[in-house]
Amino acid sequence: SLMRYDAITLGNHDFDFGTDALALMLESAAKKTSQLGIELPVILLANLDVKSDKRLSKAFETVKVRPWTLVQKGGLKIAIIGVIGESAYHDAPDAAKLNFIDPAKAIKRLLPEIRSANPDYLIVLSHGGTISKNGAQIATFKITPNTLLDEVRSGGRVPLTIGRGLTAKARVALGLG
């Protein structure tokens with residue numbers, strides 16, 4: 001909240017100590033931010049059904065976890081979807097209680113609803129990618145068909161930004177319209 005994130009998603013380490021610990025963390029965060037008079041960032045998670053885990057489900061309701069949100073920035077409407085990678089699900093203690101949904105399928109299912117909000121941009125906030133263990137690929141995340149998204153930002157050792165927004169700026173800078 002103090003960093004002014006518009007939205008966040010969960011990742012594999014949020015599940016390191018099991019779903020009860022994650023529920024406790026979310027409940028504590030809700031209580032503390034309420035005491036301080038600040039708001040938690042919106043937590044987005046479109047591809048994990050937690051209904052079978054009553055405590056985690058209640059914690060998700062408390063902090064209002066949702067699959068996507070719409071934010072307004074600089075006169076633009078920006079839709080943001082949150083997804084978690086398959087490795088987080090498989091590595092999570094208590095994973096059998098949860099229903100993991102393929103990220104691409106979850107996104108596709110939400111697109112009609114998101115399109116009805118007429119966003120200028122769509123951001124997929126993903127904690128995923130290709131995960132290897134003992135030299136073998138155990139999970140991957142990709143969006144198909146392989147199209148140029150509005151923008152892709154990748155963190156890690158080398159920050160990377162590609163997409164239509166950057167391409168448009170480059171075209172203008174080069175005098176190509």
Side-chain angles (χ1 to χ4, degrees), residues 1-72 78-117 119 122-134 136-144 152-156:
S1 181
L2 295 175
M3 295 182 77
R4 295 188 171 95
Y5 287 112
D6 292 304
I8 61 174
T9 195
L10 299 178
N12 55 308
H13 292 298
D14 294 308
F15 293 87
D16 280 352
F17 300 103
T19 57
D20 282 343
L22 175 57
L24 178 61
M25 179 183 69
L26 294 171
E27 293 159 359
S28 297
K31 183 177 179 182
K32 189 65 169 180
T33 54
S34 176
Q35 290 170 345
L36 295 172
I38 58 177
E39 291 183 33
L40 278 173
V42 175
I43 301 173
L44 303 175
L45 194 54
N47 67 319
L48 195 63
D49 180 353
V50 299
K51 290 179 192 135
S52 59
D53 185 312
K54 291 183 188 205
R55 182 165 185 199
L56 187 57
S57 183
K58 185 173 188 246
F60 271 40
E61 288 176 25
T62 299
V63 298
K64 299 179 179 99
V65 175
R66 61 191 98 163
W68 71 282
T69 192
L70 189 69
V71 297
Q72 302 254 351
I78 304 165
I80 308 170
I81 303 174
V83 294
I84 191 168
E86 189 173 2
S87 66
Y89 169 74
H90 288 295
D91 291 343
D94 305 331
K97 294 182 192 177
L98 309 174
N99 180 26
F100 177 81
I101 302 159
D102 177 82
K105 288 179 182 175
I107 293 166
K108 187 175 182 178
R109 178 178 43 90
L110 290 168
L111 283 177
E113 180 183 339
I114 293 168
R115 284 187 180 127
S116 73
L122 171 61
I123 296 172
V124 176
L125 184 59
S126 169
H127 191 95
T130 300
I131 307 297
S132 297
K133 186 174 187 177
N134 299 327
Q137 182 176 311
I138 59 170
T140 97
F141 173 77
K142 64 181 178 180
I143 298 174
T144 54
V152 176
R153 291 181 183 252
S154 174

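Everything quoted here is computed from the prediction, not taken from an experiment.
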Just how far is it from atom [atom1] of [X] to atom [atom2] of [Y], taken to the nearest 0.5 Å?
| X | Y | atom1 | atom2 | value |
| --- | --- | --- | --- | --- |
| R55 | L26 | CZ | CG | 10.0 Å |
| S57 | K54 | OG | NZ | 9.5 Å |
| I80 | I8 | CD1 | CD1 | 11.5 Å |
| L56 | K51 | CG | NZ | 13.0 Å |
| D102 | R109 | CG | CZ | 11.0 Å |
| D6 | T69 | CG | OG1 | 8.5 Å |

Side-chain heavy atoms of [X] within contact of [Y], under 4.5 Å:
| X | Y | result |
| --- | --- | --- |
| I114 | W68 | yes |
| D49 | L98 | no |
| L125 | V83 | no |
| I81 | L122 | yes |
| L10 | F15 | yes |

Donor-acceptor pair, side chain of D53 and main chain of V50, under 3.5 angstrom: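 Judged by distance alone, no pair lies under 3.5 Å.
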Is there a donor-acceptor contact under 3.5 Å from the side chain of S34 to the main chain of A30?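 Here the side-chain-to-backbone pair does not exist.
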Between side-chain atoms of residues 40-48 and protein atoms elsewhere (two or more places apart, or another chain), which donor-acceptor pairs fall under 3.5 Å?
{"residue": "N47", "atom": "OD1", "partner": "I84", "partner atom": "N", "Å": "2.9"}
{"residue": "N47", "atom": "ND2", "partner": "I84", "partner atom": "O", "Å": "2.8"}
{"residue": "N47", "atom": "ND2", "partner": "I101", "partner atom": "O", "Å": "3.1"}

Restricting to non-hydrogen atoms, name the atom on L70 and the atom on A79 that form the minimum distance, rounded to 0.1 Å. CD1-N, 3.7 Å
Residue pair E39, T33: steps toward the side-chain contact (heavy atoms from CB on, under 4.5 Å) verdict: CA-CA 6 Å; E39 291 183 33; T33 54; over 6 Å; no
Can E27 and K58 be counted as an ion pair, charged N to O under 4.0 angstrom? no
